[in-house]
Amino acid sequence: MTMSSFSFSKSKTDHESLEEITMLGRNIAESLDTETLRENANLNGESFSGKMSKFGSEYAKWYTQRYVLPLELEQAISENLIYVHDLDHYAVGATNCIFIPFDKLLANGFSTGSGTLRTPRTIMTAMALVAIIFQCQQNAQYGGVSANKIDHDLAPYVKRSFIKHFRKGLTYFENFDSDPSATHLTAAMLFSEEDICMDNSDLKNLYPHAYHYAYEETRQETFQAAESLIHNLNTMSSRGGGQIPFTSINYGTCTSNEGRLVIESLLEATVRGLGQGQTPIFPIQIFKCKKGVNQAAGERNHDLFLKAIQCSTKRLYPNFANLDAPMNLEHYVSGDPDTEFATMGCRTRVIGDRFGRNHLSGKGNLSFNTINLVKIGIENGIVLGKREYADIEGFNRMLREALDLALTGLLHRYDIQVRQPAKASDFMMREGVWEGGDSLHPDEPVESVLKHGSLSIGFIGIAESMKAMYGQHHAENGEVYAKAIDVVRRMRTFCDEMSDIYNLNITLFATPAEGLSGKFTTGDVKQYGVIPGVTDRAYYTNSFHVPVYYPITAARKISLEAPFHHYCNAGAISYIELNGNMRNNPEAFRKIVDYALEQNISYFSMNHPIDRCTSCGYEGIIGDTCPSCMKKESEIHISRLRRVTGYLTGDYQTRFNAAKQAEVRDRLPHTPSD
């Protein structure tokens with residue numbers, strides 16, 4: 001019996017509970033339940049540290065379901081209607097994810113709890129501290145950690161490096177008629193630290209040798225710093241279970257020379273890859289697309305957008321955030337990069353705040369619960385042969401009940417979270433990573449600051465739900481598509497209404513289901529059996545996506561999914577699947593990205609195969625034989641890198657659970673046009 005086979009109930013006897021716990025531990029210790037061990041593709045559940053993490057995680061889930069959850073929510077979980085994400089962190093009141101205010105932490109310095117770090121004087125030190133901040137913060141929560149404007153945050157430290165190199169260049173290269181030390185002093189007096197920057201043409205004209213030296217040294221240092229950051233974020237196994245911190249960085253809109261150099265260096269370091277040329281898994285990278293800044297020829301950062309396209313054709317990163325989508329312009333303030341849309345990478349969006357903090361850094365998502373739309377469709381649709389026509393009223397009634405249950409869980413969990421003392425999340429509150437946390441006494445509850453975060457209701461399986469209701473999914477029939485839109489619209493309306501009633505940020509999430517896509521399916525198969533087109537695969541389709549196995553062009557998929565983004569104010573992502581070596585055709589790649597942006601897709605990425613021969617290091621598309629060394633897959637391991645829920649996970653054949661492996665195998669490529 002696997003963990004997914006358990007149906008916990010508070011009415012079980014002590015003997016039954018002991019049997020469950022004993023079996024749970026045995027399955028983990030002896031690696032009998034690979035699905036549980038591979039639930040999180042970022043965790044090597046079969047390692048010693050991974051198993052120790054799973055022991056704690058699975059017991060925490062068991063304890064929470066038996067002793068903490070509201071009875072009605074526990075019942076909804078056992079009925080396979082609601083899924084509570086990160087249930088293992090529920091009882092202790094931990095929070096999900098956050099956008100880190102790197103500008104504040106770097107400018108003011110910070111304490112790790114073991115020592116205090118001062119403001120960095122160079123870009124090399126600044127990027128090293130970014131990795132340390134990521135590492136410290138991920139231990140204060142359970143979800144992702146993100147930089148929403150890393151180019152703006154790090155530009156001042158590129159400038160500091162330039163100042164250092166320029167002053168050194170003055171002593172090295174400039175010839176003076178008078179005493180060198182006196183003239184050096186005069187030059188330093190003429191140009192303050194504010195004046196000494198890469199954009200200063202007077203500096204370049206008056207001291208060309210020193211300027212050129214400083215410019216080249218700064219470029220080299222910034223690239224080395226970016227390379228070091230990416231290597232650190234792929235090797236710091238400091239998260240529970242020996243995981244790499246789940247990091248994301250957003251960039252693309254800083255137009256200063258210093259900010260542009262940060263972007264260029266991050267892209268260049270990503271293209272070069274890790275030590276043996278491997279594609280970096282972290283940080284998830286997101287290029288922020290903005291008209292007037294980087295979208296058209298002649299715009300200041302258009303060259304960096306093109307470089308981002310080239311990087312993505314080779315490394316699958318960066319993904320692309322659409323700052324001009326109407327929902328992302330709602331809170332945008334020109335000149336304030338903290339109001340630009342950014343994401344956690346998996347898709348989380350938290351810019352809006354009913355309490356006025358309509359910016360990103362210093363807050364995040366608190367928790368989310370997901371509704372199984374497929375079950376609601378099966379119960380009220382034609383698929384079981386119980387009725388000739390779908391019961392739309394019954395569907396809407398059951399949907400409302402599920403929404404109420406999901407919200408009940410969020411509010412119950414929120415009450416636990418806000419009663420925690422500031423010292424429980426230590427670094428996050430003490431250092432003001434969560435905005436306002438540094439003003440709280442260590443023993444003071446955190447409600448006054450956590451209220452700015454979001455509580456999200458997610459959903460999965462629009463496609464299979466519509467198939468169960470009407471016999472076709474939303475990409476197969478225009479009328480069904482309209483009904484699918486209406487379902488998501490109803491969920492968003494519910495979230496907005498509840499936000500007003502409870503005076504909290506309650507939002508709708510296009511759930512990034514990883515392990516969940518298979519869990520819901522398994523539960524429904526047990527109850528309803530195998531239903532063609534509905535429960536006959538190992539997974540349900542993510543959120544509102546067109547099924548991966550449905551043949552459709554890229555343009556059509558984009559146009560169908562785009563309207564759903566508008567309703568998912570907690571975050572959504574759309575993908576296009578390409579079958580070919582996109583490194584040879586960046587122009588076609590760019591046209592697809594452009595079209596997605598035009599259609600107001602909020603967050604977009606493209607999947608294409610990246611295989612790597614572990615024998616010779618060849619990277620590209622590999623069948624069963626490496627085209628470089630001609631060794632067969634039966635002789636050597638071929639690593640096959642794929643994306644899941646917005647991020648990369650290494651070899652999907654060894655890190656994905658069975659449901660996601662099946663989904664990858666089913667993926668059909670989308671041709672660029674009709």
Side-chain angles (χ1 to χ4, degrees), residues 100-112 115-134 136 147-174 184-233 249-269 300-301 304 337-338 361 431:
I100 298 175
F102 283 102
D103 50 354
K104 170 187 172 181
L105 294 173
L106 292 175
N108 299 336
F110 61 93
S111 171
T112 65
T116 301
L117 298 171
R118 57 179 175 266
T119 302
R121 300 301 302 175
T122 66
I123 185 60
M124 181 65 78
T125 305
M127 285 206 186
L129 293 186
V130 165
I132 292 172
I133 292 168
F134 269 138
C136 290
N148 60 303
K149 50 184 178 64
I150 196 71
D151 45 350
H152 292 273
D153 293 341
L154 289 176
Y157 305 97
V158 176
K159 176 181 167 68
R160 290 187 177 189
S161 284
F162 182 79
I163 291 171
K164 178 190 71 174
H165 294 305
F166 178 76
R167 286 176 169 167
K168 187 180 293 184
L170 283 175
T171 63
Y172 283 176
F173 301 109
E174 302 300 340
H184 175 76
L185 179 62
T186 302
M189 292 174 63
L190 286 174
F191 293 97
S192 64
E193 281 203 358
E194 184 177 347
D195 294 327
I196 302 176
C197 62
M198 300 173 80
D199 291 336
N200 191 332
S201 58
D202 289 339
L203 206 68
K204 183 177 182 180
N205 294 332
L206 286 171
Y207 304 103
H209 301 296
Y211 179 92
H212 179 73
Y213 168 80
Y215 184 84
E216 292 303 323
E217 287 292 303
T218 303
R219 284 185 62 84
Q220 182 178 356
E221 182 184 351
T222 305
F223 171 76
Q224 290 175 337
E227 188 175 53
S228 176
L229 175 64
I230 289 173
H231 277 70
N232 279 334
L233 295 183
I249 56 175
N250 295 256
Y251 51 73
T253 61
C254 187
T255 55
S256 69
N257 276 339
E258 290 83 1
R260 282 172 48 80
L261 184 55
V262 171
I263 302 167
E264 180 187 0
S265 297
L266 287 167
L267 289 169
E268 182 61 29
R300 174 69 167 160
N301 284 4
L304 296 175
D338 206 13
S361 62
E431 301 303 317

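Each residue takes its place number in the sequence, starting with 1. Computation of the quantities below employed the complete heavy-atom set of this structure, encompassing side-chain atoms and omitting hydrogens, waters and symmetry-equivalent molecules.
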Do other residues, nucleotides or ligands put more than 12 heavy atoms under 6.0 Å from the NZ atom of K204? no
Is there a side-chain contact between L105 and L129 (heavy atoms, below 4.5 Å)? no
Start with the C-alpha gap between H209 and Y213, add the side-chain angles, then the distance that decides, and say whether side-chain contact (heavy atoms from CB on, under 4.5 Å) holds. CA-CA 6 Å; H209 301 296; Y213 168 80; over 6 Å; no
Nearest heavy-atom pair of R160 and T119: which atoms, and what distance? NH1-CG2, 3.0 Å
Could you go step by step and tell me if K159 and E194 meet the salt bridge (Lys or Arg N to Asp or Glu O under 4.0 Å) rule? CA-CA 9 Å; K159 176 181 167 68; E194 184 177 347; over 6 Å; no
Are any non-hydrogen side-chain atoms of C254 and K149 less than 4.5 angstrom apart? no
Please round to the nearest 0.5 Å and tell me the distance separating atom CD1 of I123 and atom OG1 of T222. 5.5 Å
Strictly distance-based, threshold 3.5 Å: is any side-chain N or O of N301 a donor or acceptor partner for the main-chain N or O of G252? yes
When the ring centroid of F102 is compared with that of F134, is the distance short of 6.0 Å? yes
CG of D151 to CD1 of I249: how many Å apart, nearest 0.5 Å? 9.5 Å
Taking atom CZ of F223 as the centre, does the number of heavy atoms from other residues, nucleotides or ligands within less than 6.0 Å exceed 12? yes
Output for pair (S228 OG, E221 CD), nearest 0.5 Å, gives 11.0 Å
Of all heavy-atom pairs linking L229 and M127, the shortest is CD1-O, 3.5 Å
In this structure, is the centre-to-centre distance between the rings of F166 and F173 below 6.0 Å? no
Do you know which two heavy atoms are closest between T125 and P120, and how far apart they sit? CG2-CB, 3.7 Å
Ignoring hydrogens and geometry, is there a side-chain-to-backbone donor-acceptor pair from N257 to M198 under 3.5 Å? yes
Apply the side-chain contact (heavy atoms from CB on, under 4.5 Å) test between D153 and each candidate in D103, D338, V262, V130; give the one that qualifies. D103
Is the shortest heavy-atom distance from the side chain of K168 to the side chain of E217 under 4.5 Å? no
Test item: side-chain donor near acceptor, S361 and N148, under 3.5 Å: no
Look up atom OH in Y251 and atom NE2 in H152, then write down how far apart they are to the nearest 0.5 Å. 13.5 Å
Rounded distance (nearest 0.5 Å) linking atom CG of L266 with atom CG of L154: 7.5 Å
Ignoring hydrogens and angles, tell me if any N or O in the side chain of N200 forms a donor-acceptor pair with the backbone of I196 under 3.5 Å. no
Any idea which heavy atoms bring A214 and F162 closest together, and the distance? CB-CE1, 3.5 Å
Side-chain contact, heavy-atom cut-off 4.5 Å: M124 with S161? no
Spell out, as yes or no, whether a donor-acceptor pair under 3.5 Å connects the side chain of E431 to the backbone of S111. yes
Could you give the distance from OG (S265) to CD (Q224), rounded to the nearest 0.5 Å? 10.0 Å
Considering non-hydrogen atoms only, spot the tightest contact between F110 and I133 and give its length. CZ-CG1, 3.5 Å
Are the side chains of Q220 and H165 in contact, using a 4.5 Å heavy-atom criterion? no
So, does K164 use its side chain to make a donor-acceptor pair with the main chain of T218 at under 3.5 Å? no
